[in-house]
Q: 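Before I ask anything, here is the structure I am working with.
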Amino acid sequence: MTSSLIRGRPRRARAHISARVVHALLGTLVGVVWLVLPGTAAGGAVGGGAHRPVAGALGQRDDRGTHTADLVLPMIAVVAAGALASFGFWRRRRRTTGRTTPGGAPVPGGGPPDEELDERAQEALVRADGWVRVSRAELGFAEARFEDGAPEEIEDVRRALREAEAELAAAFRIRRRYEHGVPGDGAARRHALAGVVGRCEEVGRLLDVRAAAFDTLRGLEEGPGGGLGAALAVAEGRFRGLTARTGEADAILRELGDRYAAAASSAVVGNVEQAKDRLVFATTRLNLARQAADAGEAGRAASRLRAAEGAIAQAGVLIDGVERLRGDLATAAELVPAALTGAEAEITGARRALAGETAAHPDVTPGELRARTGHADVVLAGVRQELASGRPYDPLNLLRRIVRAVAPLAAGHAGVLPAAAAVCARAAVAGADDVVATHGAVVGCAARTRLAEARRREHAEDPADLVTADTLAEEARHLADQDTRLHGHPPEPTPDLTAATVGALHPTPGSYGGPRTSARRREADEPR
């Protein structure tokens, strides 16, 4: 819809140009009158001068000089009026060609530059993704308190979070299409970026709407006798459980190092140490929260509790990553022989299609199908050689190589290949998501956009979609690691900066809500 401000521009422009035309006409009229009056006056003097002496030769020369002088000023007035009219017409043409009204082309200055709008959209996506992740984490702590039966109000909070997640997913899809050149028109691309910003703002609004009710539900401001005491008990229970699991995760890493190649566990090799750092931070914040609660400072206690919960949640992500990888590697090791057999079946089907016995690949030229078959043969030969060498190997890597080589040939001859592709995709998506969750303050929009698209495709049935999800997740992991190396970790927080945690938490307070809630938390956390 065109705003009233934009709709008013043509009327004002017509008023300005009409005024200029009137000014030009008045100037021309004045000049004409000026030209006529001197001649009329001269004629009256000569014709009616019976008592006036006739001028001599010298007097006639003076009169001619006077008439010439009288012509100069009127001519200047006419030229000036014409110049003003031309200048007004030129300015009108320039405005018309640089405006986004129905009568003109787009104005470059009608909105922010494309680069600025693009940067604004990326920042909005990063912030909205952070709000959703932090809100999901705090909701998990609240749900743990109500294990015996959550109140009905918490379902409204869950619903708001699901709606925010849907809006965020839509924003990431628009961003992904934008990165691929869709839409192609300049105005449509600006509209797409504006749509991304708008959806991210809607994410924050949906979360903010339920934030106050969620705070009431948790009751952290009620003190130790109310919700704060129960929340502290939940956080301390999780802390103790993670402390025990940290030692087990160390043992798992040693086991993976003995059984598989070093590359198999390289992605999680530092998880245990990072988890310990976060648990140390959580210990400090839990103690400070207890002290503040005992002193009757419920607000400060709640703030420090949320910081501890954020650190505990990240420690859980890191430990879960180690345990999940052990399961993924074991599953992949079991699937590799079956995947090899299934890959052979797909290659055989492709060769039969080349021989004209079947029409399994009608959309692929014989030359391309022959090239794909030859590439798959080479890849499978390399996998068999690695398995026969007796050296430790990376099962996920072998499975990924098989799936990617044979997916272009897949025609449904082997049902094991979709299962193998799903294992690879889920492992890659989970690994990339762990990095974003634990280093959110430094991971940019590019990694998050690829991760969102990979997450959208990871549950597909088509092996091609699963391979795409796997590839995008690996790209997201690489970009997230790159951002972490480039920007490093945020500085160690002080006791007053309870909104942050060790490593790479979000720069906003770790609580359920959007931008308004974050601003409210920051104001409450400011040292007095």
Side-chain angles (χ1 to χ4, degrees), residues 255-269 324-355 360-361 364-432 454 457-458 460 462-478 481:
E255 174 191 340
L256 297 180
D258 294 339
R259 180 176 298 181
Y260 305 110
S265 57
S266 61
V268 298
V269 72
R324 185 184 60 249
L325 181 62
R326 177 175 61 176
D328 289 340
L329 289 172
T331 302
E334 293 177 359
L335 274 176
V336 166
L340 279 172
T341 303
E344 286 291 353
E346 295 290 356
I347 292 175
T348 301
R351 290 198 178 106
R352 291 178 62 189
L354 284 171
H361 301 276
V364 182
T365 63
E368 186 177 356
L369 185 58
R370 191 175 293 107
R372 292 179 181 180
T373 304
H375 173 70
D377 274 332
V378 172
V379 172
L380 295 187
V383 170
R384 291 193 194 91
Q385 183 178 1
E386 191 165 346
L387 288 172
S389 68
R391 295 190 300 270
Y393 61 90
D394 180 353
L396 273 173
N397 177 262
L398 292 189
L399 197 64
R400 182 172 286 116
R401 286 161 58 185
I402 295 170
V403 169
R404 291 185 179 181
V406 182
L409 304 173
H413 296 97
V416 70
L417 286 178
V423 169
C424 295
R426 285 196 298 268
V429 170
R457 293 173 179 259
E458 71 171 313
D462 186 358
D465 281 338
L466 292 170
V467 169
T468 301
D470 183 29
T471 303
L472 288 171
E474 284 201 320
E475 292 177 4
R477 175 70 181 260
H478 172 73
D481 287 338

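Model, not experiment: these values are computed from the prediction. Residue indices begin at 1 and follow the sequence shown.
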Q: I would like to know whether Val364 and Arg372 meet side-chain contact (heavy atoms from CB on, under 4.5 Å); could you show each step before the answer?
A: CA-CA 10 Å; Val364 182; Arg372 292 179 181 180; 3.7 Å; yes

Q: Going from OG on Ser265 to CD on Glu255, what distance comes out if it is rounded to the nearest 0.5 angstrom?
A: 10.5 Å

Q: Minimum heavy-atom separation for Glu344 and Leu380, please, with both atom names.
A: OE2-CD1, 4.1 Å

Q: Given the rule in the side-chain contact (heavy atoms from CB on, under 4.5 Å) test, do Thr471 and Arg404 qualify, once you have shown the distances and angles that lead to the verdict?
A: CA-CA 10 Å; Thr471 303; Arg404 291 185 179 181; 3.6 Å; yes

Q: Please set out all donor-acceptor pairs under 3.5 angstrom arising from side-chain atoms of residues 394-403, sequence neighbours excluded.
A:
unit_1 : atom_1 : unit_2 : atom_2 : d
Asp394 : OD1    : Leu396 : N      : 3.2
Asp394 : OD1    : Asn397 : N      : 3.4
Arg400 : NE     : Asp470 : OD1    : 3.1
Arg400 : NE     : Asp470 : OD2    : 2.7
Arg400 : NH2    : Asp470 : OD1    : 3.2
Arg401 : NH1    : Glu386 : OE1    : 3.0

Q: Shortest non-hydrogen contact from Arg477 to Ala267?
A: NH2-O, 2.9 Å

Q: So do Arg351 and Asp377 actually touch side chain to side chain, heavy atoms under 4.5 Å?
A: yes

Q: Output all residues satisfying side-chain hydrogen bond (donor to acceptor under 3.5 Å, both in side chains) with Arg370, sequence neighbours left out; order by chain, then residue number.
A: none

Q: Ignoring hydrogens, what is the shortest heavy-atom contact between Glu458 and Leu466? Give both atom names and the distance.
A: O-CD2, 3.2 Å

Q: Would you compute the distance between atom CG of Leu409 and atom OG1 of Thr373 and round it to the nearest 0.5 angstrom?
A: 5.0 Å

Q: Using every non-hydrogen atom in the two residues, find where Ala376 and Ala405 come nearest and quote the distance to one decimal.
A: CB-O, 3.8 Å

Q: How close do Ala338 and Val416 get, heavy atom to heavy atom, and via which atoms?
A: O-CG1, 3.5 Å

Q: If I compare all heavy atoms of Tyr393 with all of Tyr260, which pair ends up nearest, and what's the gap?
A: O-CB, 3.4 Å

